Amino acid sequence: MPTYNVEAYVDKSIQSALRAMKNIESSELIIIDDMSEDKTWKKVLNYNHLSNVHLHRIEHCGLGAARNYGLKIAKGDYILFLDSDDYYNASILEKLQNVILSDNSDMIVFQWQSLSERKVSPPYGDETLRGSWLACWNKCYKRDLIKDHSFPEGILYEDSGFSLRAQLDAKNVKFVNKPLYIHRSQSEGISRRKQTFLNRLDVMCGFEEVLSHYPKQEVKEIIVRTLISHLSRSIQRQEVIDGDDLDLLQNYLLKHDLFGTPIYLNSGRIASLCVQFLFYFENVWIVYIFLKWVYKITQLRRFKIGR
């Protein structure tokens, strides 16, 4: 569990893990503070007396480095990740342990819910690769599966490529059709601060290794959808986007032969994206360029309008 400037949420996060660990022998909580500047570390130190909680503090290196540090010192046969402004369902470890004991899975994917303005969403996630979500925190990993894996450091969205690669490597993946994780969608947590579209393009770094090992169509579709989604969010949140960023994205699509990937977008989604582009750039030409991208990415002969 990495922490950085989350004093408002860190106690609830830690306490949710401790409740889940209550009846699970040989479980440990590793907290790595990334040199917080608020009262986060002071609050974390309140748990230093617990034998199954291990506290570490590293120089400010970012989320990927903090997670890699935790992976190196973890002793368990199975690994979970917890963002320090999120929290667990109290039954998470018990349910995962039951699956492990019955099946010895390489990876267990479970549903999760989003918390926004005190409202909890319906459960997200399903048993498909696309539906399992590109996040590291809604999965339980067998240690042997990820022992040679690491998170990219010094970037945002470092877990997208990590979790996708691990799931593709896994031989035995099980799905728990119950929400076991609550993810805060609007907080000042370590990965949800104001950013630019260039920050969002960090996600491409994690996908490099995935594409080199698994250049299959389903993987390309997931990656293209993810990139379009980041572009859409960046516009919705009025983040900084410039021409060099768009050139970088286009060159990445060309490099990995991602133009022509048969993704399926509904007509409402395309219309919404066009309106967003027009509102943000105030330029019809940009909307035209975007539609050309959609055409090239989907090669319209394989493009389907659906609900």
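Model, not experiment: these values are computed from the prediction.
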Salt bridge check: are [X] and [Y] linked by an N-O gap of less than 4.0 Å?
X    : Y    : value
E158 : R67  : yes
K22  : E94  : no
E239 : R200 : yes
D85  : R184 : no
R143 : D77  : no
E209 : R165 : yes

Practice item. Would you indicate whether the side-chain heavy atoms of I30 and H56 approach each other to under 4.5 Å? Key: yes
Check your understanding: Which of parallel (below 30°), tilted (30 to 60°) and perpendicular (above 60°) describes Y181 and W137?
Key ->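 Rings of Y181 and W137: parallel, as their planes differ by under 30°.
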Review point. How are the rings of F162 and F151 set to each other: parallel, tilted or perpendicular (split at 30° and 60°)?
Key: parallel
Practice item. Flag yes if more than 12 heavy atoms outside D126 fall under 6.0 Å of its CG atom; otherwise flag no. Key: yes
Review point. In this structure, are over 12 heavy atoms from other groups packed under 6.0 Å from Q15 atom CD?
Key: yes
Review point. Is the gap between the ring centers of Y4 and H60 under 6.0 Å?
Key: yes
Point to revise | Partners meeting ring pair (Phe, Tyr, Trp, His ring centres under 6.0 Å) with F110 (sequence neighbours left out) | key: none
Point to revise | Qualifying residues under side-chain hydrogen bond (donor to acceptor under 3.5 Å, both in side chains), relative to T40, sequence neighbours excluded | key: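 Expected list: D38.
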Exercise for review: Quick one: list whatever passes side-chain hydrogen bond (donor to acceptor under 3.5 Å, both in side chains) with E153, sequence neighbours left out.
Suggested key: N68
